[in-house]
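Below: one structure, written as structure tokens.
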2 protein chains.
Amino acid sequence: MATISDVAARAGVSTATVSRALNGKSTVDPLLAARVQEAAAELGYHPNGLARNLRRQETAVLALIISDVENPFFTAIARGVEDLAQRSGYSVVLCNSDENEEKERRYIEVALQERVAGVVLSPTGRSTNVEGLRRQGTPLVAVDRPLPAAAGDQVLVDTRHAAAEATRHLLAGGYRRVGCLTGPAGVRTADDRLAGYADVVGEANVRFRRAEYRAEGARLAALELLDEPSPPDALLVANSTMAIGVLEALSSRGLRPGRDVGIVSFDDAPWTTLIDPPLTVVAQPAYEVGRVAAQLLLARISDSSREASTTTLEARLIERKSSRRTG
Amino acid sequence: MATISDVAARAGVSTATVSRALNGKSTVDPLLAARVQEAAAELGYHPNGLARNLRRQETAVLALIISDVENPFFTAIARGVEDLAQRSGYSVVLCNSDENEEKERRYIEVALQERVAGVVLSPTGRSTNVEGLRRQGTPLVAVDRPLPAAAGDQVLVDTRHAAAEATRHLLAGGYRRVGCLTGPAGVRTADDRLAGYADVVGEANVRFRRAEYRAEGARLAALELLDEPSPPDALLVANSTMAIGVLEALSSRGLRPGRDVGIVSFDDAPWTTLIDPPLTVVAQPAYEVGRVAAQLLLARISDSSREASTTTLEARLIERKSSRRTG
DNA sequence: TTGAAAGCGCTAACAT
DNA sequence: ATGTTAGCGCTTTCAA
């Protein structure tokens, strides 16, 4: 593996000159620079990033730790972060914590050890520990879910409000017994969506189930709800992965979305317009969340004294037929 | 940021002892080890991975460069790679090349510079350049699409064969003018699926369009095909993202999958059973592809002299109603 | 404009 | 069992 000394030897100059030439410093003779470039190319030289970063005490890579690679909401965030980061010369590495606190912990540790320039994190749950990041002074921005203490910037979506709006929409459509299917307790988005729903139906009329943010759990939970003495005639579902399970549950009971059970789900997944009837959704600005997060992170990297900020983006209800009786 | 010397000073030992204690070497007095642990904890010490890896000349991170984070096929591969890697103490960082050769090039460069232990790559297209990896001796395994020269192990899916089987299935279902919608020329999976289809219908009866592996392009291409003088009465679609576009096209023409136009699509995405009629698919063993790839990569990392191998996994046709006239 | 040399933080001989 | 020391590959003063 060719090192800078190999290149220096081949070009007949010092390692300092190679370094300067390869980093485009203006103070180097064009002729020498060319010789260096050539030597580097011939040797297939790739600077050792470890050594470079160790010396420079900085890296041009951001870590993005998300809680589920298979959830379109998070992959859209990833695109947003990436598009913006690339433009500023940063690479972003994606880590999948898989809604698993142990994995999340490991990836934060990796980010710390590899001395990444900054971290975008969608905290997995209750006990996310960002103390290490804070101590090291690694810039951090939380997305989707807030962090216990404001350990950095946050980019959130006003999902409680959106849940309330969706619930009102269902009520306005003539549904009388609106229920809610949400994620695990302690996961802020899950709690907020439930709260927004409860705000509207009133504590006395709450009927809900919790499940993991996964299809299978949601299917079972939906079935339970449907088997109650006074089953819901409409359902607010906390994300698109769960919606899959809910739709399966309905189908297995011979129930048609809209006509029999009104459905509104969070997240405008690509398939939601394909089904019959098309799914009414709460569209979250995921890509934008990612962009803003990256922006804040880069700003904080170049100026660590900035005040921590919280940005809250609005979600948008997209009415389709699954929330209409006449679907 | 605390360094190993800080810990050493605090614990009243040498840096060597700190290093040994923290790395669980057996040759260190339990009492001292405890003192070191304590000092490290108090200082919030995180070993500098850059320095460590520079010294050790190795990293415990794998890079996984995939061509589309929003494609369930690739995220399933990611899970497979991750599950296996984690088990051996490796972390995996995901890079999204976005079907873009420039991005892919950048990420390969990053992988090279950061001296990752190995790379799993789904080559984006024609001109993927893995020369750098080869020269550095960085272990590489290609997934989904083969590499020009056998630059390492490969894990592929026998998609030509699967495409042929799917086409035969359509023909057996009574469809007479089977068409094909595939990805860009030069992308091996796209070419193979087209070839498998052509193998069965015969060169003379080929009717097909190419588009990016995206919904919108596929929608337009499908519309073109449907507007031909002798339009297809069935379609083989090269992936689930394209299938979304195709289904939209059909719907906009008032055509029902199955009854009017038989449909088989590659990839068993989670929503394919939700639509009416449910989609007949060619299910690729994506998770397994990831697992095998990680296995091969780890094997090659520990024994670089291994022969390069090619593993070809079988895809499975799952018959549902979109390929039946009586849907 | 170029080179010599120090040093980033760590680990692994080598000594003790 | 512990400490001393060299050095991984690079960048960056400092001198020339």
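So that the names make sense, note that chain A is the first sequence line, chain B the second, and so on, each numbered from 1.
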Distance, nearest 0.5 Å, that separates [atom1] of [X] from [atom2] of [Y]:
X	Y	atom1	atom2	result
D303(B)	L298(B)	CG	CG	12.5 Å
E70(B)	T241(B)	CD	OG1	9.0 Å
Q86(A)	S91(A)	CD	OG	6.0 Å

- Query: E114(A) and T59(A): side-chain donor and acceptor closer than 3.5 Å?
  - Reply: no
- Message: Can a side-chain donor-acceptor contact be found between Y213(A) and T189(A) if the only test is distance below 3.5 angstrom?
- Response: yes
- Neighbours of DNA chain C within residues 27-36 of chain A, by heavy-atom distance under 4.0 Å: T27(A), V28(A), D29(A), L32(A)
- Item | Contact letters for nucleotides 8-16 of chain D, in which S counts primed atoms plus P, OP1 and OP2 and B counts the base, heavy atoms under 4.0 Å | BBBBBB---
- Item | R134(B)/E131(B) ion pair, N-O < 4.0 Å | yes
- Task: May I ask you to decide if S122(A)'s main-chain N or O and D144(A)'s side chain share a donor-acceptor pair within less than 3.5 Å?
- Result: no
